[in-house]
Number of protein chains: 2
Amino acid sequence: MKQEFLKNWDTQMKKGLLPLFVLQLLQTKECYGYEIIQELKSVFGIDVNEGTIYPLLIRLMKEGLLQHQWVEQASGIPRKYYTISTEGKAVYAEMKKNIELNIQNLK
Amino acid sequence: MKQEFLKNWDTQMKKGLLPLFVLQLLQTKECYGYEIIQELKSVFGIDVNEGTIYPLLIRLMKEGLLQHQWVEQASGIPRKYYTISTEGKAVYAEMKKNIELNIQNLK
DNA sequence: ACACAATACATTGTATAACGATGTATTAAA
DNA sequence: TTTAATACATCGTTATACAATGTATTGTGT
């Protein structure tokens with residue numbers, strides 16, 4: 001039943017929801033990029049591409065909503081750990097308020 | 001406080017929410033395009049451009065989610081009245097279910 | 001020993017859809 | 001008689017997810 005339409009709609013929804021999910025995730029837990037992809041899958045049940053998440057994290061950094069630090073590993077590639085900033089928390093609250101207002105209108 | 005970021009986010013959210021709002025609106029009321037813009041403003045409190053709504057209605061038509069008929073007016077330009085199809089109602093229900101699932105995850 | 005998958009970062013080209021501007025036409029108001 | 005409102009529509013720009021690709025390291029299977 002209109003599977004392609006619904007799949008496309010889902011992609012469009014992500015353009016709005018994804019920053020929200022990432023900001024919330026980082027409020028409960030410090031994460032690195034690759035880990036965020038896995039958390040989004042297990043916690044929110046959504047699949048996100050690497051080509052989506054890395055540019056998104058860079059955008060949120062530029063906006064001052066996140067901070068990050070490189071952490072060397074005993075073995076393997078270093079990880080870039082992200083944390084949410086004070087401003088990030090405020091923006092998250094604003095976004096959440098906005099979206100809940102919109103959803104209220106759905107009957 | 002990050003007004004530009006939030007405004008941009010709002011635009012991205014619309015890409016997901018707008019079809020949902022239009023489908024719901026047409027479940028309660030038969031509308032023509034220009035009227036939908038006004039209803040979205042008064043009922044949902046969102047501003048939508050003409051350059052957004054007309055292409056959207058055309059897309060929803062192509063998907064078979066809407067039907068339309070031209071209605072001549074006693075005076076002025078004819079109106080294209082839209083109604084939701086059976087398939088449109090089913091797709092709306094699916095979308096609503098999906099979005100509510102997503103919103104539940106917001107803390 | 002060697003291929004392959006998983007981890008972990010990132011960039012590039014394509015597609016979708018909202019926005020702003022513009023266009024056509026009709027009617028009412030200043 | 002010009003401007004605003006109504007009512008349709010299209011076009012170029014922009015933002016962002018996706019798929020593909022790239023680099024590098026480590027673990028696993030044969």
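Numbers restart at 1 for each chain; the letters A, B, ... are given by sequence-line order, proteins then strands. Values reported hereafter were calculated over all heavy atoms of this structure, with side chains retained and with hydrogens, waters and symmetry mates removed. None of these values were measured; they are calculated from a predicted model.
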Which nucleotide in the list [options] gets nearest to the side chain of [X]?
X       : options                : result
A:Tyr54 : C:dC19, C:dA10, D:dA7  : C:dA10
A:Lys80 : C:dC19, C:dA10, D:dC8  : C:dA10
A:Ile58 : C:dA28, C:dT11, D:dG27 : C:dT11

Single hit among A:Trp70, A:Tyr81, A:Tyr54 for ring pair (Phe, Tyr, Trp, His ring centres under 6.0 Å) with A:Tyr32:
A:Tyr81
Indicate the atoms forming the closest heavy-atom contact of B:Tyr82 with B:Glu30, along with that distance.
O-CG, 3.4 Å
With nearest nucleotides of DNA chain C determined for A:Gln12 and A:Tyr81 from heavy-atom distances, which residue corresponds to the more 5′ nucleotide?
A:Tyr81
Between [atom2] of [N] and [atom1] of [X], the distance in whole Å:
X       : N      : atom1 : atom2 : value
A:Glu72 : D:dT26 : CD    : C1'   : 15 Å
B:Arg79 : C:dT26 : CZ    : P     : 16 Å
B:Gln73 : C:dT27 : CD    : P     : 11 Å
A:Lys41 : D:dC18 : NZ    : C1'   : 16 Å
A:Gln38 : C:dT7  : CD    : C1'   : 8 Å
A:Glu50 : C:dA8  : CD    : P     : 11 Å
A:Trp9  : D:dC18 : CH2   : C1'   : 18 Å
B:Met61 : D:dC8  : CE    : P     : 13 Å

Nearest nucleotide by nearest heavy atom, which residue falls closer to the 5' end of DNA chain D, A:Leu56 or A:Ser75?
A:Leu56
With DNA chain D as reference, determine whether A:Ile77 or A:Lys7 sits nearer its 5' end, using the nearest nucleotide of each.
A:Lys7
Taking the basic N atoms (NZ, or NE/NH1/NH2) and the acidic carboxylate oxygens, is any pair closer than 4.0 Å for A:Glu63 and A:Arg59?
no
Decide, yes or no, whether a salt bridge links A:Lys29 with A:Glu35 under the criterion of side-chain N to carboxylate O below 4.0 Å.
yes
Tell me whether the count of non-hydrogen atoms from other residues, nucleotides or ligands lying under 6.0 Å of NZ in B:Lys2 goes above 12.
yes
If only side-chain N and O atoms of [X] are considered, is one of them under 4.0 Å from the OP1 or OP2 phosphate oxygen of [N]?
X       : N      : value
A:Tyr34 : C:dC9  : no
A:Thr11 : D:dA17 : no
B:Asn49 : C:dA17 : no
A:Arg59 : D:dA17 : yes
A:Asn8  : C:dA17 : yes

Looking at every strand, decide which applies to [X] at a 4.0 Å heavy-atom threshold: base, sugar-phosphate, or nothing.
X       : answer
A:Gly51 : base
B:Trp70 : sugar-phosphate
A:Thr52 : base

Could you check whether the side chain of B:Lys15 and the base of D:dT16 have a donor-acceptor pair of N or O atoms closer than 3.5 Å, going by distance alone?
no
Just wondering, do B:Ile46 and B:Asp10 contact through their side chains at under 4.5 Å, heavy atoms?
no
